[in-house]
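To keep things clear, I will list the structure first and then write my remarks on it.
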There are 2 protein chains.
Amino acid sequence: MVNAYQAPTVKKAFQILKSVSKSRQGMGISELSKQLFLGKSTVFGILNALENVGAVVRDPTTKTYTLGVTLFELGRAAYSRIDIKEIARPAMEALMERVQESVFLGVRNKEHLTILDIVESMQDLKITAPVGSRIPLFAGAAGKVFMASMPEEQAAELIRMKGIPRFTKHTIINPMRFMEEIRKARRTGYATDDEEYIPGVRAVAAAIQGTRTLSAAIWVVGFKPRIDAKKMAFLAEETLYSAREISEKIKTADAAR
Amino acid sequence: MVNAYQAPTVKKAFQILKSVSKSRQGMGISELSKQLFLGKSTVFGILNALENVGAVVRDPTTKTYTLGVTLFELGRAAYSRIDIKEIARPAMEALMERVQESVFLGVRNKEHLTILDIVESMQDLKITAPVGSRIPLFAGAAGKVFMASMPEEQAAELIRMKGIPRFTKHTIINPMRFMEEIRKARRTGYATDDEEYIPGVRAVAAAIQGTRTLSAAIWVVGFKPRIDAKKMAFLAEETLYSAREISEKIKTADAAR
DNA sequence: ACCATTCGTTCACCATGATGAACAATTTTA
DNA sequence: TAAAATTGTTCATCATGGTGAACGAATGGT
């Protein structure tokens with residue numbers, strides 16, 4: 001079913017929702033029209049439908065649109081059906097106790113990652129992010145692990161089409177070197193990040209197996225001064241162990257169904 | 001802008017999402033087609049678009065669709081912008097301490113209510129529900145308060161078109177009597193429920209004012225044996241007081257912007 | 001105060017998008 | 001095991017849905 005029909009208006013609607021979701025104060029029709037290269041009457045017609053279903057709310061005084069409660073309802077339902085976060089939570093907590101850094105759980109959603117859960121480090125200074133946040137696919141250890149999970153041609157094609165954005169001066173932007181990192185992650189089962197996504201930050205990520213329709217991983221993140229080469233090796237070992245532990249639990253949960 | 005154009009395909013897409021959100025195991029194309037009275041190729045084209053944007057996930061083995069991570073991302077963003085729940089939370093906690101029953105915060109979303117926050121009673125036996133749950137607009141004290149907030153013609157029209165479903169043997173289904181309840185709620189600022197929605201349960205609700213684009217209310221719910229007539233009057237007084245307190249805070253927050 | 005610009009809204013037009021029919025694949029029934 | 005029924009997928013068709021042009025309202029600049 002290559003190149004199957006995809007209702008274009010639905011895709012435009014979600015482009016609109018994504019733009020509106022990035023705005024704090026709401027967005028108007030002309031602003032959305034310009035930003036998304038859509039006609040104003042197209043935006044107008046789609047927003048009317050989104051408002052009708054409660055996916056956006058129109059402020060009658062400013063004529064701007066913000067996200068509506070229906071998205072919250074659907075979002076809650078979507079989140080409540082992601083079993084992996086319950087399955088993974090105990091292992092994430094145990095991992096955080098052992099390594100004393102924040103532990104993230106995330107999934108790939110098209111060309112970015114979405115954070116599903118976090119067990120924050122108990123240290124006063126720690127790295128965290130809101131659950132639901134998006135991270136670029138090319139960013140850091142987690143990104144490499146996700147790209148290692150996909151067929152090599154698909155990963156290569158993404159690199160070719162999108163290019164690797166430079167996040168820091170340490171970002172690996174050379175496609176051949178980046179593909180090597182991905183192959184290494186595929187071989188070892190984990191990936192590392194040494195200030196490639198955020199300056200002063202190191203990370204280790206490992207993929208979770210056995211999730212039928214989701215591509216999932218956990219990763220540990222900490223400040224570089226706290227993570228020398230020895231601790232980095234320790235993080236890799238522990239993260240890989242926890243990812244396998246979670247993968248086993250998933251397999252057990254599936255068999256019990 | 002009466003009868004303005006609303007992109008029909010977008011509305012169909014959200015019908016599909018709503019149906020899928022009620023399913024635990026995912027739904028197939030023919031099932032959705034029958035349930036929603038849409039053509040199979042229409043459902044097919046819309047689901048392809050929804051999958052492309054990550055709003056649904058297709059299970060390749062069962063060919064069923066479940067809600068995708070994009071909805072979770074948008075839902076998180078929608079929820080994070082609803083200021084009222086932070087503003088209301090302290091007053092809800094204080095109200096729960098005073099009345100010792102669960103306190104709900106919700107908003108109207110088209111023709112139903114959505115729970116945004118709950119401060120659960122500390123008693124062992126209590127009433128609660130998942131945040132994000134939907135409640136029918138005609139149900140209980142909260143429903144009356146929301147209908148009291150809308151123009152009388154709009155409320156009357158809804159009753160005429162939808163009819164009042166019978167939830168319990170105490171449900172007020174007579175339209176004239178129900179309109180009287182709504183008028184009373186409008187006059188007094190609060191509404192009550194005496195086993196009209198759930199057997200054995202009483203509730204009091206009060207509207208929150210000053211929310212520009214949302215229609216919001218708080219309500220207290222408890223088991224009837226714990227709530228005699230005297231306590232019911234006490235609940236009404238306290239709930240109304242807390243709703244006004246929250247309304248004042250909203251006004252103050254708006255003025256500070 | 002007036003003019004220019006921008007925004008939101010309406011409407012007629014037409015071609016793109018939604019869909020019904022047909023077909024292939026899969027599942028169910030006998 | 002074979003036939004019937006159902007599901008998912010493809011494709012040609014055409015009319016409905018999306019949209020460009022025009023207009024009214026609001027805002028900004030002089």
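Each chain gets a letter, A, B and so on, in the order its sequence line appears, and its residues count up from 1. These numbers come from a predicted model, not from an experiment.
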> Whole Å only: how far is the CZ atom of A/F44 from the P atom of C/dC11?
Replying inline: 11 Å

> Side chains of A/T70 and B/N109: donor-acceptor distance under 3.5 Å anywhere?
Replying inline: yes

>> Side chain of B/A4, heavy atoms from C-beta onward: which of D/dT19, C/dT10, D/dT9 has the nearest atom to it?
In response: C/dT10

> Should the heavy atoms of other residues, nucleotides or ligands under 6.0 Å from NZ of B/K162 be counted, would the total exceed 12?
Replying inline: no

> Hey, what's the ring geometry for B/F167 with B/Y197, parallel, tilted or perpendicular (30° and 60° as the breaks)?
Replying inline: perpendicular

> Parallel, tilted or perpendicular: which fits the ring planes of A/Y79 and B/F72, with parallel below 30° and perpendicular above 60°?
Replying inline: parallel

> Got a sec: does the NZ of A/K184 have more than 12 other heavy atoms crowding it under 6.0 Å?
Replying inline: no

> Would B/E180 and B/R183 count as a salt bridge (Lys or Arg N to Asp or Glu O under 4.0 Å) if you check the C-alpha gap in whole Å, the side-chain angles of each, and the deciding distance to 0.1 Å?
Replying inline: CA-CA 5 Å; B/E180 280 172 24; B/R183 286 188 201 103; 5.6 Å; no

> Considering heavy-atom distances to DNA chain D, does A/T61 or A/T42 have its closest nucleotide positioned more toward the 5' end?
Replying inline: A/T42

> So, the side chain of B/R89 versus the backbone of B/I84: is there a donor-acceptor pair under 3.5 Å, distance only?
Replying inline: no

> In residues 26-35 of chain B, which residues come under 4.0 Å of DNA chain C by heavy atom?
Replying inline: none

> B/L38 CG to C/dG17 C1': how many Å, rounded?
Replying inline: 15 Å

>> I'd like to know if the side chain of B/S33 reaches the main chain of B/L38, judged simply by a donor and an acceptor atom lying under 3.5 Å from each other, with no hydrogens or angles considered.
In response: yes

> Whole-Å distance between D/dT19 P and A/L36 CG?
Replying inline: 12 Å

> What about B/K63: does its side chain form a donor-acceptor pair under 3.5 Å with the base of D/dG8?
Replying inline: no

>> In this structure, how many angstroms lie between the C1' atom of C/dC7 and the CG atom of A/D59, rounded?
In response: 15 Å

> On DNA chain C, nearest-nucleotide positions of A/S41 versus B/K40: which is more 5'?
Replying inline: A/S41

> Taking OH from B/Y65 and P from D/dT7, how many angstroms apart are they, rounded to a whole number?
Replying inline: 14 Å

> To the nearest angstrom, how far is A/I46 atom CD1 from D/dT19 atom P?
Replying inline: 7 Å

> Above 12 or not: heavy atoms from other molecules or residues under 6.0 Å from OH of A/Y190?
Replying inline: no

> For residues 9-17 of chain A, which residues have at least one heavy atom under 4.0 Å from DNA chain C?
Replying inline: A/T9

